[in-house]
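Taking it in order: structure first as structure tokens, then the write-up.
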Amino acid sequence: MSRVLSVSPDTIYRWARSGVIPALKISNRWRFIVTEVLESVRQKAEPHPDPWHQSPRTAATRQGWERRWARGRTP
């Protein structure tokens with residue numbers, strides 16, 4: 001699964017334990033259905049329906065960069 005998603009095995013186990021990706025632990029081994037995992041990742045990666053949506057933190061960061069740029073400082 002880590003090769004399919006190009007992340008480390010530790011990341012896969014952390015995602016599985018926290019429920020980020022669908023997984024089933026049988027005895028001491030994790031089991032994944034690749035198509036379900038890929039669909040889950042694809043749904044979470046889809047952009048927000050509102051293209052102008054920004055989190056408050058992102059908006060504040062962007063405003064800070066714009067102010068610096070307007071004063072003549074390079075980013």
Side-chain angles (χ1 to χ4, degrees):
M1 197 74 252
S2 65
R3 279 186 247 139
V4 171
L5 296 177
S6 299
V7 295
S8 73
D10 291 335
T11 300
I12 294 294
Y13 296 136
R14 189 178 59 237
W15 287 351
R17 281 192 303 272
S18 64
V20 173
I21 58 174
L24 178 64
K25 190 167 186 182
I26 300 174
S27 185
N28 63 345
R29 294 183 182 259
W30 285 99
R31 301 292 181 190
F32 306 93
I33 299 174
V34 177
T35 55
E36 287 184 15
V37 172
L38 292 177
E39 183 61 30
S40 172
V41 170
R42 187 176 299 115
Q43 286 176 353
K44 289 177 175 134
E46 287 180 358
H48 194 276
D50 177 10
W52 298 105
H53 172 78
Q54 288 185 345
S55 70
R57 183 176 179 178
T58 303
T61 302
R62 182 175 181 175
Q63 288 171 355
W65 280 106
E66 288 171 350
R67 280 191 299 260
R68 287 186 212 133
W69 185 261
R71 286 185 288 190
R73 295 183 182 168
T74 57

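Fair warning: this is a prediction, and the values are worked out from it, not measured in the lab. In this chain, numbering begins with 1 at the start of the sequence shown.
In the displayed structure, Phe32 atom CZ is contacted under 6.0 Å by more than 12 heavy atoms of other residues, nucleotides or ligands.
Counting heavy atoms from C-beta on, the side chains of Leu38 and Leu5 come closer than 4.5 Å. No side-chain heavy atom of Val4 sits less than 4.5 Å from a side-chain heavy atom of Val37.
Interatomic distance, CH2 of Trp15 versus OG of Ser2, reported as 10.5 Å (0.5 Å rounding).
In this structure, Leu24 is not a member of the same hydrophobic cluster as Ile12, with clusters built from ILVMFWY side-chain heavy atoms closer than 4.5 Å. In the hydrophobic clustering of this structure, Val34 groups with Val7; members are Ile, Leu, Val, Met, Phe, Trp, Tyr whose side-chain heavy atoms approach within less than 4.5 Å, directly or through other members. Linking ILVMFWY residues whenever their side-chain heavy atoms come closer than 4.5 Å, directly or via other members, leaves Ile33 and Trp30 in distinct clusters.
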